[in-house]
There are 2 protein chains.
Amino acid sequence: MTAEAHPTLTKNQKLVFGSLSGAGGPLTAYAILDLLRDSGFRAPLQVYRALDKLVEYGLVHRLESLNAFVACSHKGCSGHGTAAFAICEKCGLVSEFTPDKAIEALRAWTRDEGFHLSRTTIELRGTCRTCAGVS
Amino acid sequence: MTAEAHPTLTKNQKLVFGSLSGAGGPLTAYAILDLLRDSGFRAPLQVYRALDKLVEYGLVHRLESLNAFVACSHKGCSGHGTAAFAICEKCGLVSEFTPDKAIEALRAWTRDEGFHLSRTTIELRGTCRTCAGVS
DNA sequence: TCGGATCGCGTAACATTATTACACATTTAT
DNA sequence: ATAAATGTGTAATAATGTTACGCGATCCGA
Ligand SMILES: [Zn+2]
Ligand SMILES: [Zn+2]
Ligand SMILES: [Zn+2]
Ligand SMILES: [Zn+2]
């Protein structure tokens with residue numbers, strides 16, 4: 001999305017990004033707040049402010065259908081195209097991928113309609129391979 | 001999505017669906033509640049329960065990125081494929097469309113991954129043709 | 001180097017969105 | 001008629017997100 005490098009992170013941004021990276025899955029803002037109380041966090045706004053920046057830098061994605069946030073899977077990479085997410089409703093696994101063909105199809109629609117696109121949300125709900133197999 | 005006909009609506013479901021249809025755009029659950037106070041609504045749960053059913057029947061869609069609900073644009077039609085929404089951030093206009101090619105591309109990914117898809121959210125943010133032109 | 005502008009941070013209060021729990025009524029199927 | 005399933009009303013509470021205010025550090029032009 002934003003392909004340029006992000007500024008160096010502030011203390012709070014590092015803490016929040018660390019929580020999300022360590023979690024290996026999505027966390028709500030309030031879950032992050034609880035994780036960071038020992039590090040001095042006291043109020044939701046501290047989390048939300050850091051998340052705003054991390055999302056802006058492309059290091060974190062917001063999952064709209066979960067009201068939660070997840071570290072970008074493109075580790076070490078400073079940016080990528082619009083991401084999509086497959087969310088397993090049984091085990092909570094979230095898989096990020098870049099559905100170029102779908103994006104292109106949507107962009108074609110926006111061109112036809114004269115819609116000026118700024119942000120795209122694609123979230124799939126269902127069961128992952130592992131969970132779908134079980135039953 | 002669900003292609004079969006929906007049951008006849010209950011009193012509350014009719015009231016909520018009426019509010020949404022009349023609004024010509026998305027409403028939050030609490031906005032609906034306020035609209036329906038004169039009709040006897042008192043508590044959020046009355047709205048959420050009706051919305052759950054209306055969404056299940058495919059008459060109403062939930063806009064995840066807005067925490068709001070909108071009547072399906074396919075008036076009189078009992079069902080259609082997965083819908084996508086373009087949301088203008090200037091004027092609030094919401095356009096529903098059915099992006100078959102994008103859906104197919106996403107389905108291809110789920111087939112490859114063994115992901116069993118149950119629900120798809122696609123929401124575009126930006127500015128509509130009218131608002132994009134203005135400035 | 002002074003001053004303002006910007007940015008990040010801390011805290012409190014508040015607003016918005018959604019759910020749980022319980023009781024009762026209505027409809028539907030047996 | 002009875003039992004089950006569905007719908008309803010109400011209160012309380014939980015979860016998520018924002019506004020307002022003040023303070024300190026940093027950046028940058030005058
Ligand atoms: Zn990413
Ligand atoms: Zn799973
Ligand atoms: Zn629709
Ligand atoms: Zn517009």
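The figures here come from the full heavy-atom set of this structure, side chains too, leaving out hydrogens, waters and symmetry mates. Since this is a predicted model, take the numbers as computed values, not measurements. Sequence lines set the chain letters: A, B, ... in the order given, protein chains first and strands last, and positions in each chain run from 1.
OP1 and OP2 of D/dG7 both lie 4.0 Å or more from every side-chain N or O belonging to B/Thr10. Here A/Gln46 reaches the OP1 or OP2 of C/dG10: one of its side-chain N or O atoms lies under 4.0 Å away. Residue B/Arg42 has no polar side-chain atom (N or O) positioned under 4.0 Å from OP1 or OP2 of D/dA12.
No side-chain donor-acceptor contact under 3.5 Å links B/Arg62 to the backbone of B/Asp52. Looking at A/Arg119, its side chain never comes within 3.5 Å of a backbone N or O of B/Glu123 through a donor-acceptor pair.
With no hydrogens or angles considered, no side-chain donor-acceptor pair links B/Glu64 and B/Thr121 at under 3.5 Å.
Where stacking is scored as ring centres under 5.5 Å apart with planes under 30°, B/Tyr48 does not register as stacked on the base of C/dT19. Where stacking is scored as ring centres under 5.5 Å apart with planes under 30°, B/Tyr30 registers as stacked on the base of C/dT17.
Comparing B/Asn67 and B/Gly40 against DNA chain D, the residue whose closest nucleotide sits nearer the 5' end is B/Gly40. Map B/Ala50 and A/Arg49 each onto its nearest nucleotide of DNA chain D; the residue landing nearer the 5' end is B/Ala50.
Using a 4.5 Å heavy-atom threshold, the side chains of B/Leu9 and B/Val16 count as separate.
Here C/dT16 presents its C1' atom at 12 Å from CG of B/Asp34, a figure rounded to the nearest Å.
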